[in-house]
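Just below is one structure, and these are the notes that go with it.
When reading the values below, keep in mind they use all heavy atoms of this one structure, side chains included, and skip hydrogens, waters and symmetry mates. For ligands, and for the atoms within them, numbers begin at 1 and follow the listed sequence.
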Amino acid sequence: MKPDLFESPDYYNLDDLLSEEHKLVRDAARSWVKRAVSPIIEDYAQRAEFPNEIIAGLAEIGAFGPYIPEEYGGAGLDQISYGLIMQEIERGDSGVRSTASVQSSLVMYPIFAYGTEEQRKRFLPDLASGKKMGCFGLTEPDHGSNPGGMVTRFADKGDHYLLNGAKLWISNSPFADLAVVWAKNEEGRIHGLIVERGMEGFSTPETHNKWSLRASATGELIFDNVKVPKENLLPGKNGLGAPLGCLDSARYGIAWGAIGAAMDCYDTALRYAKERSQFGKPIASFQLQQKKLAEMITEITKAQLLAFRLGQLKNEGRATTAQISMAKRNNVDMALKIAREARQVLGGMGITGEYSIMRHMMNLESVITYEGTHDIHLLITGADITGISAFK
Ligand code: TGC
Ligand code: FAD
């Protein structure tokens, strides 16, 4: 792969809106990605292998629990810092950002928000340091967009719960030490349970043959009469709103992360267009190529402003689920379109692993599907503005 020459576009001087802390956090993440992710990620993606060696570095830049209080091992940062970290990581690779999103927003967040003090102290510091890795089991083979229909169940057996069922498409599952699993009790109410590797009847087979997120490990969670200790139930919140609350946090991070992937594609295409000559001139001099590049920077700038304002609302505790959906949907779609255009600017070179664009493009096909598909987010906006749910 070519050396990482990335220069971040900031067309509307957004840096002026960031605090010194935001810039420090962002720059630390950026230089770590250049040093530790860019040189290795293409090889791992080609081999369809998760780079275990980056876990310690992710923990060091505060990517595991950026907004979780320091007393539990988190970085104690605000939501804009969290977003900037996700942006920088996804600039390197969406699969690496996935690992950080899942650990922070889908594993640490529910333990922090819905767990007991004992559960927080027992699990959060090890998750923040990367000593333990987690995954999040909501999706099932027959229930993806409609998680409320889930059939994974647990029964109260007096001194423990007995868990049965299966989850599919679970990021980090093949190597996770623990899983936050959403299952129905005997009354059909959804609860979160912490299932730990080694519990009898719990297995995590890996999903192979992916053309997308190849440097991220994806798998299943199988529960065959797993005895879960009662102290592993998250007592603070139940019902579908509990897992959906975690998704709000992860989707917010993706809205920022997608900007990183788009920036990398744009920056690569701009540099290539200025260096590559055809018909005796740099291809950047052709109007059709300028149109592509000008539209890319316009869309990136709009996405940056959307994410920044959403970050302010999130810091104030005012960001709604529907606002988060709009930003996730818009920014991922923007990034995917930019990846497709940027790849064309590189001509034949665009399809090779010498450049990051094709990897971003393939990764973004997952990002536009997970955490709620493009169409589901449109329907969340539709329900919000009309007051009528298309799902009922
Ligand atoms: P609906 O009737 O709308 O809601 C059920 C209950 O939940 C409440 N609620 C929320 N609470 C907190 N936060 C939110 N964001 C909430 N959204 C809804 C709601 O008020 C209601 O409460 P109550 O007390 O009235 O019961 O539910 P629905 O069944 O109609 O479904 C709505 C729909 C389709 C939007 C929802 O199910 C959905 O978002 N589907 C998409 C599924 C999804 O996003 N799955 C993601 C799985 S995890 C993943 O992909 C990780 S990828 C790895 C990585 O991040 O990198
Ligand atoms: P389906 O729900 O079957 O949808 C298929 C199509 O139908 C989509 O286009 C969808 O938009 C459309 N559709 C569905 N319902 C409607 C409707 N009412 N109106 C209009 N169109 C509709 N899940 C986890 O729990 N944890 C994870 O860590 C995780 N990681 C993932 C990693 C990867 C790489 C991938 C690909 C997925 C991951 N997921 C995870 C699952 C992901 O959240 C689901 O794939 C996603 O929610 C969609 O579910 P589905 O694949 O079953 O598609």
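Near Glu371, the atoms of ligand 2 lying under 4.0 angstrom from a non-hydrogen atom of the residue are 43 (O). Of all the atoms in ligand 2, the ones that sit under 4.0 Å from a non-hydrogen atom of Tyr370 are 31 (C), 32 (C), 33 (C), 37 (C), 38 (C), 42 (C), 43 (O). Taking a cut-off of under 4.0 Å to the non-hydrogen atoms of Phe136, the atoms of ligand 2 that pass are 24 (C), 25 (O), 26 (N), 27 (C), 28 (O). The ligand atoms of ligand 2 that sit less than 4.0 angstrom from a heavy atom of Leu213 are 34 (C). When each atom of ligand 2 is checked for a heavy atom of Ile170 under 4.0 Å away, the hits are 24 (C), 25 (O), 26 (N), 27 (C), 28 (O).
At a heavy-atom cutoff of 4.0 Å, ligand 2 is contacted by no atom of His374, backbone or side chain. When heavy-atom distances to ligand 2 are checked against a 4.0 Å cut-off, Leu138 comes that close through both its backbone and its side chain. With a 4.0 Å cut-off on non-hydrogen atoms, Asn146 does not touch ligand 2 at all.
For the residue pair Asp78 and Ser81, a side-chain donor N or O sits within less than 3.5 Å of a side-chain acceptor on the partner. Counting only N and O atoms by type, the side chains of Arg153 and Asn164 include no donor and acceptor under 3.5 Å apart.
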Atom pairs and distances, ligand 1 N/O vs protein N/O under 3.5 Å:
from: ligand 1; atom 1: 2 (O); to: Lys392; atom 2: NZ; distance (Å): 2.7
from: ligand 1; atom 1: 7 (O); to: Gly241; atom 2: N; distance (Å): 3.3
from: ligand 1; atom 1: 15 (N); to: Leu244; atom 2: O; distance (Å): 3.4
from: ligand 1; atom 1: 15 (N); to: Asp248; atom 2: OD1; distance (Å): 3.0
from: ligand 1; atom 1: 15 (N); to: Asp248; atom 2: OD2; distance (Å): 3.2
from: ligand 1; atom 1: 15 (N); to: Thr321; atom 2: OG1; distance (Å): 2.9
from: ligand 1; atom 1: 30 (O); to: Lys392; atom 2: NZ; distance (Å): 2.8
from: ligand 1; atom 1: 39 (O); to: Arg251; atom 2: NH2; distance (Å): 3.0
from: ligand 1; atom 1: 40 (N); to: Ser145; atom 2: O; distance (Å): 3.0
from: ligand 1; atom 1: 44 (O); to: Arg251; atom 2: NH2; distance (Å): 2.7
from: ligand 1; atom 1: 44 (O); to: Gly372; atom 2: N; distance (Å): 2.9
from: ligand 1; atom 1: 50 (O); to: Glu371; atom 2: N; distance (Å): 2.9
from: ligand 1; atom 1: 55 (O); to: Glu371; atom 2: OE2; distance (Å): 2.4
from: ligand 1; atom 1: 56 (O); to: Arg97; atom 2: NH1; distance (Å): 3.4
from: ligand 1; atom 1: 56 (O); to: Ser98; atom 2: OG; distance (Å): 2.8
from: ligand 1; atom 1: 56 (O); to: Tyr370; atom 2: OH; distance (Å): 3.2

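Taking atom 13 (N) of ligand 2 as the reference point, the nearest protein heavy-atom neighbour is Ser145 OG, 4.4 Å. Protein heavy atom nearest atom 20 (C) of ligand 2, with residue, atom name and distance: Leu379 CD1, 3.9 Å. At the top of the distance list for atom 46 (C) of ligand 2, counting protein heavy atoms only, stands Thr369 O, 3.5 Å. For atom 22 (C) of ligand 2, the closest non-hydrogen atom on the protein side is Ile376 CD1, 4.4 Å. Scanning all protein heavy atoms for the shortest distance to atom 51 (O) of ligand 2 gives Trp169 NE1, 4.4 Å. Annotation: atom 9 (O) of ligand 2 to nearest protein heavy atom, Asp375 OD2, 4.5 Å. Atom 24 (C) of ligand 2 has its closest protein heavy atom at Thr139 OG1, 3.3 Å. Here the heavy atom of the protein found nearest to atom 18 (N) of ligand 2 is Phe391 CD2, 3.8 Å.
Taking the ring axis of Phe6 as reference, the NZ or CZ atom of Arg30 does not stay both within 45° of it and closer than 6.0 Å to the ring centre. With a 6.0 Å cutoff to the six-membered ring centre and a 45° limit on the axis angle, Arg214 does not count as a cation-pi contact of Tyr44. Relative to the six-membered ring of Tyr252, Lys314 meets both conditions, a distance below 6.0 Å and an angle of at most 45° to the axis.
Counting only residues at least two apart or in different chains, ring pair (Phe, Tyr, Trp, His ring centres under 6.0 Å) contacts with residues 318-342 are absent. For residues 148-179, every residue pair satisfying the ring pair (Phe, Tyr, Trp, His ring centres under 6.0 Å) rule, not counting sequence neighbours, is listed here: Phe50-Phe175, Phe154-Tyr161, Phe154-His191. Residue pairs satisfying the side chain to side chain donor-acceptor pair (under 3.5 Å) criterion with at least one member in residues 56-77, sequence neighbours excluded, are listed as follows: Tyr67-Ser105, Tyr67-Ser249, Tyr72-Glu117.
Using a 4.5 Å heavy-atom cutoff, the side chains of Val332 and Glu371 are not in contact. A heavy-atom distance below 4.5 Å is not found between the side chains of Thr381 and His377.
At least one protein heavy atom sits closer than 4.0 Å to atom 38 (C) of ligand 2. Inside a 4.0 Å radius of atom 7 (O) of ligand 2 there is not any protein heavy atom.
With Ser212, Gly144, Ser171 as candidates, the residue nearest to atom 28 (O) of ligand 2 on a non-hydrogen basis is Ser171.
Heavy atoms of Cys135 come nearer than 4.0 angstrom to ligand 2 in no pair at all.
Panel note: side chain Lys328, backbone Trp256; no donor-acceptor pair is recorded below 3.5 Å. Proximity of a side-chain donor or acceptor of Asn172 to a complementary backbone N or O of Ala176 within less than 3.5 Å is not detected.
For ligand 2, one of its N or O atoms has an N or O atom of Thr373 under 3.5 Å away.
Taking CD from Gln119 and CG from Leu234, the interatomic distance works out to 5.0 Å, rounded to the nearest 0.5 Å.
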